Amino acid sequence: MAEPEREQRPLLEVEQSVTSIPEDHEATCWGCGLRLVFTSYSPIYKCGWCGAITQSNQTTRKPDSIWFSHWRCLRDRFFVTVLILFMLFVICGGVWAVYPTVFKISNFCGIFHCMVTAVLALFTITSYCLASFKSAGAPTNIRWGSYPMVGKRDLENYTFCTYCNKPKPPRAHHCRSCKMCVVDMDHHCPFIGNCVGASNHQVFVIFLISVVISCSYAAGMTIYASYQIWPSVDFPNLASNRHSMSFWKILLEIFATVAGSAFFLSARGLVLVYLAFASLSVNAGIGVLLYQQLSYIYEGNTYLNHLSSPNPLHGERGLQNIVRFFGCRYPISRVLLRYSNTGKLQDNSGTGSKLL
C-alpha cells in the first residue's frame, strides 16, 4: 500500500499547481464581460469568444477642455473661410482679368473660356462641399458589454476608445476635433473642416484633382493674358555691355528691368500677376498632397496607418488598390489590372533569373 501512495502524491501536487492561478492573471473582457484566465500576465490580450482586444494598462482619458475645443473649431472655420474666399477670388478675378484678352482673339475663344471656367468652378465647389459636409465614416453601432448579446467573433479585433467610451473597429482612429471615431481615417483636414475617412476619402481626392486641373488652367490663362498686356521692355545695358557682363549680372539686369516695368501695369494686370503666382503656388502644394494620397492608396494604406505600421494592410500594393478606391468600371479596371499583373510577372521573372 505504500507504493501506490507514493505514486499519487506527485499527481496531487501537479493538479494543485494547475488549478491555483494568481489574481493578476485574471481579467474581464470589456466586449462580452466574460472572465478571462491567463497562464502569464500580459498588458494586452484578446478575448477568445468575441475577439475584442483589451489593454489592461489603458486608463480613462479626460475630455478635452472647452478652450481647446473652441480653438480647434475656430481654426477650422478660419481655414475654411480663407479657402472659400480664395476659390471665389480666383474664379471671379480670373474671369474679369482674362476675358478682355481672350475676347480680343475671337468671340468663340471668349465663350469657350467662360464655359471651361464655369465647369471647373462648379466641379471644384461641388467636390469641396461633398468632402466638407459628408460624414467621414462613423462606426456602426454594435452590441457590447454582455455575453448573451455579443455573439461569437462579433467584436473581432475591436479595441475600446477611451474618449467615446465605445468600441472602436479596426483601422479606426479617434479625432479630437470631430469628437468621434472615424473608420479608415487618413487625417483631419482643417481646410475642409472635416476628417478624411472611409466615406469621403474618394471625394476628397477628386477635389484635389479638380484643384490641380483648375489651378493649371488658371495659371496658363493668366500667364498668357499677362504676356499680352505687359508693357514693352527694353534692355539698353544688355545691348551694349552684354559680352563684358557675367551670367548672374545678366539675369539680375533682366529681373530688375521686368520688375520695374510692372509699375506701369493697370489694376487688371496686377490681378493677373497675382493670380499667376498664386495658382502656381497652390498647384505645387496641392500636387504634392495629391501625389502623397495616391501613393498611399497604391500601397493600400492611409496616412495614419502608414505612421503606425508602414506595411500595407489591404494586401499587395498595386493598381488594383486605385481601381478599388475609385470604383472604375469593368473595362477600365480590366486594362489597369492586366497592366499591373504584367509588371508583376516581369518583376518575378527578373528576380528568378537573378536567382538562377
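Note that the structure is a prediction, hence the values are computed from the model and not measured. No hydrogens, no waters, no symmetry mates; every other heavy atom, side chains included, goes into these values.
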S.K.: Provide the closest heavy-atom pair for Cys29 versus Leu36 in the form atom of the first, atom of the second, distance.
M.R.: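 Looking at all heavy atoms of both residues, the closest pair is CB-CD1, 4.0 Å.
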S.K.: Parallel, tilted or perpendicular, judged at 30° and 60°: which one describes the rings of Phe112 and Phe108?
M.R.: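 Rings of Phe112 and Phe108: parallel, under 30°.
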S.K.: Taking atom CD1 as the centre, does Ile66 end up with more than 12 heavy-atom neighbours from other residues, nucleotides or ligands that are less than 6.0 angstrom away?
M.R.: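 Check fails, neighbour count at 12 or below.
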S.K.: Measuring from atom SG of Cys73 to atom CZ of Phe68, what distance do you get when rounded to the nearest 0.5 angstrom?
M.R.: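 One gets 12.5 Å once the value is rounded to the nearest 0.5 Å.
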S.K.: For the pair Leu130 and Phe204, evaluate side chain to side chain contact (heavy atoms under 4.5 Å, CB included) and give the outcome as yes or no after the intermediate values.
M.R.: CA-CA 8 Å; Leu130 290 175; Phe204 177 75; over 6 Å; no
S.K.: Looking only at non-hydrogen atoms, find the nearest pair between Asp154 and Val150 and report the distance.
M.R.: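 Shortest heavy-atom separation between Asp154 and Val150 comes out as OD2-C, 3.7 Å.
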S.K.: Looking at CG of Asp186 and CG of Leu304, how far apart are the two atoms once the value is rounded to the nearest 0.5 Å?
M.R.: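 The CG atom of Asp186 sits 6.5 Å away from the CG atom of Leu304.
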S.K.: Apply the ring pair (Phe, Tyr, Trp, His ring centres under 6.0 Å) test between His201 and each candidate in Phe325, Tyr296, Phe326; give the one that qualifies.
M.R.: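 That would be Phe325.
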S.K.: Between Arg171 and Thr302, is any pair of side-chain heavy atoms under 4.5 Å apart?
M.R.: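 SC-SC contact between Arg171 and Thr302 confirmed.
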S.K.: Using a 4.5 Å cut-off on heavy atoms from C-beta on, say whether the side chain of Cys109 contacts that of Phe103.
M.R.: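 No - every pair of side-chain heavy atoms lies 4.5 Å or more apart.
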S.K.: Is there a side-chain contact between Ser177 and Arg75, using heavy atoms and a 4.5 Å cut-off?
M.R.: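 They are in contact (side-chain heavy atoms under 4.5 Å apart), so the answer is yes.
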S.K.: Just so I know, are the side chains of Phe123 and Ile206 near enough to count as touching, which here means a heavy-atom distance under 4.5 Å?
M.R.: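 With C-beta onward as the side chain, the pair touches.
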S.K.: Just wondering, do Gln293 and His187 contact through their side chains at under 4.5 Å, heavy atoms?
M.R.: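 With C-beta onward as the side chain, the pair touches.
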S.K.: Do side-chain atoms of Trp30 reach the backbone of Ile53 as a donor and acceptor pair under 3.5 angstrom?
M.R.: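 Looks like yes, one N/O pair under 3.5 Å.
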S.K.: Write down the atom of Ile297, the atom of Asn321, and the distance for their closest heavy-atom approach.
M.R.: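 For Ile297 and Asn321, the tightest heavy-atom pair comes out as O-CB, 3.0 Å.
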S.K.: Same cluster or not: Val102 versus Trp96, using hydrophobic residues (I, L, V, M, F, W, Y) connected whenever any side-chain heavy atoms lie under 4.5 Å apart?
M.R.: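 Yes; tracing contacts between hydrophobic side chains, which count when under 4.5 Å, links both residues.
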S.K.: Above 12 or not: heavy atoms from other molecules or residues under 6.0 Å from OH of Tyr147?
M.R.: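 Not more than 12 within 6.0 Å, no.
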S.K.: Roughly how far, to the nearest 0.5 Å, is CG of Leu155 from SG of Cys47?
M.R.: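 Taking SG in Cys47 and CG in Leu155, the distance rounds to 8.5 Å.
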S.K.: Answer yes or no: is there a donor N or O on one side and an acceptor on the other, between the side chain of Lys168 and the main chain of His174, under 3.5 Å?
M.R.: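 Side chain of Lys168 to backbone of His174: no pair is present.
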S.K.: Decide yes or no on side chain to side chain contact (heavy atoms under 4.5 Å, CB included) for Met115 and Ile111, but give the supporting numbers first.
M.R.: CA-CA 6 Å; Met115 292 179 60; Ile111 296 173; 4.0 Å; yes
S.K.: Any side-chain heavy atom of Asp76 within less than 4.5 Å of one from His188?
M.R.: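 Yes, close enough: below the 4.5 Å cut-off.
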S.K.: Of Val203, Leu294, Leu289, which meets side chain to side chain contact (heavy atoms under 4.5 Å, CB included) against Leu208?
M.R.: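 One option only clears the test, and that one is Leu289.
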S.K.: So, taking the atom named SG in Cys32 and the one named NZ in Lys152, what distance separates them when rounded to the nearest 0.5 Å?
M.R.: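 Atom-to-atom, Cys32:SG and Lys152:NZ are 9.5 Å apart.
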S.K.: Please name the pair of heavy atoms, one in Val90 and one in Ala218, separated by the smallest distance, quoted to 0.1 Å.
M.R.: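 Heavy atoms only, the tightest pair is CG1-CB, 4.3 Å.
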S.K.: Specify the closest pair of heavy atoms between Asn200 and Ala136, including all atoms of both residues, with the distance to one decimal.
M.R.: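 In this case the closest contact between Asn200 and Ala136 is OD1-CA, 3.5 Å.
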S.K.: Looking at Arg143, I'd like to know if its CZ atom is crowded, meaning that more than 12 non-hydrogen atoms belonging to other residues, nucleotides or ligands lie closer than 6.0 Å.
M.R.: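 No, the 6.0 Å shell around CZ holds no more than 12 heavy atoms from other groups.
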S.K.: Looking at every non-hydrogen atom in both residues, tell me the closest pair between Ala219 and Leu280 and how far apart they are.
M.R.: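 That closest heavy-atom pairing would be CB-CD2, 3.7 Å.
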S.K.: Rounded to the nearest 0.5 Å, how far apart are SG of Cys129 and NZ of Lys134?
M.R.: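 That separation rounds to 13.5 Å.
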S.K.: According to a hydrophobic-cluster definition based on side-chain heavy atoms being under 4.5 Å apart (Ile, Leu, Val, Met, Phe, Trp, Tyr only), do Tyr298 and Val196 belong together?
M.R.: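 Same cluster.
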S.K.: Would you say the rings of Phe160 and Trp144 are close, in the sense that their centroids are separated by under 6.0 Å?
M.R.: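 Here the rings of Phe160 and Trp144 have centres that are less than 6.0 Å from each other.
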S.K.: With the side chain counted from C-beta on, respond yes when Tyr99 and Met221 share a heavy-atom pair under 4.5 Å apart, and no when they do not.
M.R.: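 The answer is no, as the side chains (C-beta and beyond) never meet within the 4.5 Å cut-off.
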S.K.: Between Asn157 and Lys46, is the side chain to side chain contact (heavy atoms under 4.5 Å, CB included) condition met? List the steps.
M.R.: CA-CA 8 Å; Asn157 292 329; Lys46 183 176 181 180; 3.2 Å; yes
S.K.: Side chain to side chain contact (heavy atoms under 4.5 Å, CB included) for Met180 and Cys195? Distances and angles first, verdict last.
M.R.: CA-CA 10 Å; Met180 59 177 292; Cys195 281; over 6 Å; no
S.K.: Step by step, would you call Phe191 with Phe207 a ring-ring contact (aromatic ring centres under 6.0 Å, His included)?
M.R.: CA-CA 12 Å; Phe191 288 98; Phe207 167 69; 9.7 Å; no
S.K.: Should we count CZ of Arg77 as having more than 12 external heavy atoms under 6.0 Å?
M.R.: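 No.
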S.K.: Look only at the side chain of Trp49 and the backbone of Gly31, and say whether a donor-acceptor pair between them is shorter than 3.5 Å.
M.R.: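 No; zero donor-acceptor contacts below 3.5 Å.
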S.K.: Could you walk me through whether Tyr303 and His173 pass ring-ring contact (aromatic ring centres under 6.0 Å, His included), step by step?
M.R.: CA-CA 11 Å; Tyr303 174 71; His173 299 274; over 10 Å; no
S.K.: Consider side chain to side chain contact (heavy atoms under 4.5 Å, CB included). Of Thr124, Ile125, Leu120, which one does Ile91 pass it with?
M.R.: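 Of all the options given, the one that passes is Ile125.
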S.K.: Sub-3.5 Å donor-acceptor pair from the side chain of Ser132 to the main-chain atoms of Tyr128, do we have one?
M.R.: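 Flag not set: sc Ser132 to bb Tyr128 has no pair under 3.5 Å.
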S.K.: Answer with yes or no whether the hydrophobic clustering places Val95 together with Leu275; edges join I, L, V, M, F, W, Y residues whose side-chain heavy atoms lie under 4.5 Å apart.
M.R.: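 No, no single cluster joins them.
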S.K.: Test of understanding: clusters of I, L, V, M, F, W, Y form through side-chain heavy atoms closer than 4.5 Å, transitively. Do Val212 and Ile223 belong to the same one?
M.R.: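 Unlinked, Val212 and Ile223 end up in two clusters.
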S.K.: State the CZ-CG distance between Phe78 and Leu83, to the nearest 0.5 angstrom.
M.R.: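 Between Phe78 CZ and Leu83 CG, I get 11.5 Å after rounding to 0.5 Å.
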S.K.: If you count heavy atoms of other groups shown closer than 6.0 angstrom to OH of Tyr227, is the number above 12?
M.R.: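 Open.
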S.K.: Decide yes or no for Cys175 and Met185: does some side-chain heavy atom of the first lie under 4.5 Å from some side-chain heavy atom of the second?
M.R.: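 Yes, side chains in contact.
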S.K.: In the single-linkage hydrophobic clustering (I, L, V, M, F, W, Y; side-chain heavy atoms under 4.5 Å), do Phe86 and Leu122 co-cluster?
M.R.: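 No; tracing contacts between hydrophobic side chains, which count when under 4.5 Å, never links both residues.
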